[in-house]
Amino acid sequence: MTDDLAPFDFELPRDHIATEPARPRDSATLLHVRPGMAPDPHMVRELPDFLREGDLLIANNTAVIRAQLAATRGEAKIGLTLDRILADGSWHALARNSRKLKPQDILHFGDDPVTATVVENEGDGAVSIRFSVEGEAFDAFLERVGALALPPYIERPFGPTKQDDTDYRTIFSQYRGAVAAPTAGLHFTPEMLAALDAKGIQRRTLTLHVGAGTFLPVRSTIAEHKMHAEWGEIDAGTAAAINETRARGGRIVAVGTTSLRLLESAARDDGTVAPWRGETSIFIKPGYRFKAVDVLMTNFHLPRSTLFMLVCAFSGTETMREAYAYAIANGLRFYSYGDACLLERAP
């Protein structure tokens with residue numbers, strides 16, 4: 001592909017950005033997108049109608065943490081957004097007012113007894129820090145002093161609300177570690193899961209802890225853009241289910257770009273998957289050959305974002321530009337709390 005960003009740019013009116021989800025969740029629009037065909041609007045609760053008995057639906061079971069922290073170093077105020085935990089137990093974070101931070105600086109969080117020590121100032125607002133507690137004590141600390149790191153396009157002048165605590169959590173949430181929600185999963189309800197089960201559609205989960213860089217637009221060039229690493233795991237049961245589905249001709253249906261990115265990170269050339277654990281910074285853009293995923297359910301993404309490039313790679317750039325033009329013209333709701341689309345893979 002070329003390095004031209006123009007095919008991945010579009011104008012989105014601000015009133016198309018959803019600031020709260022559809023209620024009930026499965027009443028959101030589901031736009032069925034197939035290469036060579038006109039976009040076809042339905043409702044999310046109709047998802048089982050588009051899947052086949054024997055298909056395997058794979059969702060991300062990560063749970064969002066309260067990743068936004070207000071710290072001080074002496075008189076200086078430091079805003080932190082936790083990004084991901086590192087192998088040694090320290091945290092990579094994005095920091096505001098970080099220029100003067102040095103290794104061994106101690107960060108305080110109001111009157112809370114928990115502190116953090118700066119391990120490294122990486123520049124460009126990135127730091128690694130080590131907290132004075134781990135495990136359950138760290139989880140309790142985040143619950144006390146942290147806030148949800150809602151994407152900046154969800155306007156909350158006074159910070160996230162109690163309702164956001166519920167709305168920004170998927171039905172699949174199990175393992176804490178994500179900064180941002182895997183938003184395609186926000187549409188699912190117990191009734192939808194029951195309908196999928198009744199149709200013979202299998203379900204499995206994987207874990208990808210979504211980082212703070214997920215929704216960032218490409219600011220330089222495609223070639224120069226650096227993806228943020230994210231930690232993920234595919235267990236043996238999920239890997240076996242994928243391989244069994246592939247062997248009998250069933251389709252792999254990814255719920256969200258996070259699930260897709262991890263599946264493609266782990267997939268072999270023949271589409272099979274082995275149990276997998278580690279960090280991925282895979283950057284999927286047009287020209288990529290998909291190995292593991294046949295169908296993708298996802299929300300509508302930001303212009304110039306790596307996620308819009310991913311869906312263009314999946315269904316074709318012209319197909320996706322037409323689908324997004326349809327969505328804008330027909331008042332569909334964009335981004336994390338918005339509507340969804342069901343994408344068929346281009347040949």
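When a residue number appears, it is its place in the shown sequence, counting from 1. Every heavy atom of this structure was used, including side-chain atoms; hydrogens, water molecules and symmetry mates were not.
The closest side-chain heavy-atom distance from V145 to V114 is not below 4.5 Å. L263 is listed as a side-chain neighbour of I242, based on a closest heavy-atom distance under 4.5 Å.
Considering CD of E233 and CZ of R277, their distance stands at 4.5 Å, rounded to 0.5 Å.
The stretch residues 327-347 participates, sequence neighbours left out, in these salt bridge (Lys or Arg N to Asp or Glu O under 4.0 Å) pairs: R251-E344, D294-R345. Applying the ring pair (Phe, Tyr, Trp, His ring centres under 6.0 Å) test to every pair with at least one member in residues 36-67, sequence neighbours left out, gives these pairs: H32-F50, H42-F50. Note on residues 8-24: pairs passing salt bridge (Lys or Arg N to Asp or Glu O under 4.0 Å), not counting sequence neighbours, are D9-R304, R14-E155, R23-D167.
V311 pairs in a side-chain contact (heavy atoms from CB on, under 4.5 Å) with only one of the listed residues (I284, L296, T319, V33), which is L296.
Side chains of H209 and T62: a donor-acceptor N/O pair is present below 3.5 angstrom, by distance only.
L82 and W91 get closest at one heavy-atom pair: CB-CE3, 3.9 Å. Residues H92 and A126 share a closest heavy-atom pair of NE2-CB, 3.8 Å.
A salt bridge between E143 and R66 is present, with a side-chain N of the basic residue lying under 4.0 Å from a carboxylate O of the acidic one. Salt bridge absent: D270 and R246 never bring a charged side-chain N and a carboxylate O closer than 4.0 Å.
Taking the centre of each ring, Y337 and Y335 stay at or above the 6.0 Å mark. A centroid separation of less than 6.0 Å is found between the aromatic rings of F308 and Y324.
The cluster map of Ile, Leu, Val, Met, Phe, Trp and Tyr, joined by side-chain heavy atoms under 4.5 Å apart, puts F109 and I129 in the same cluster.
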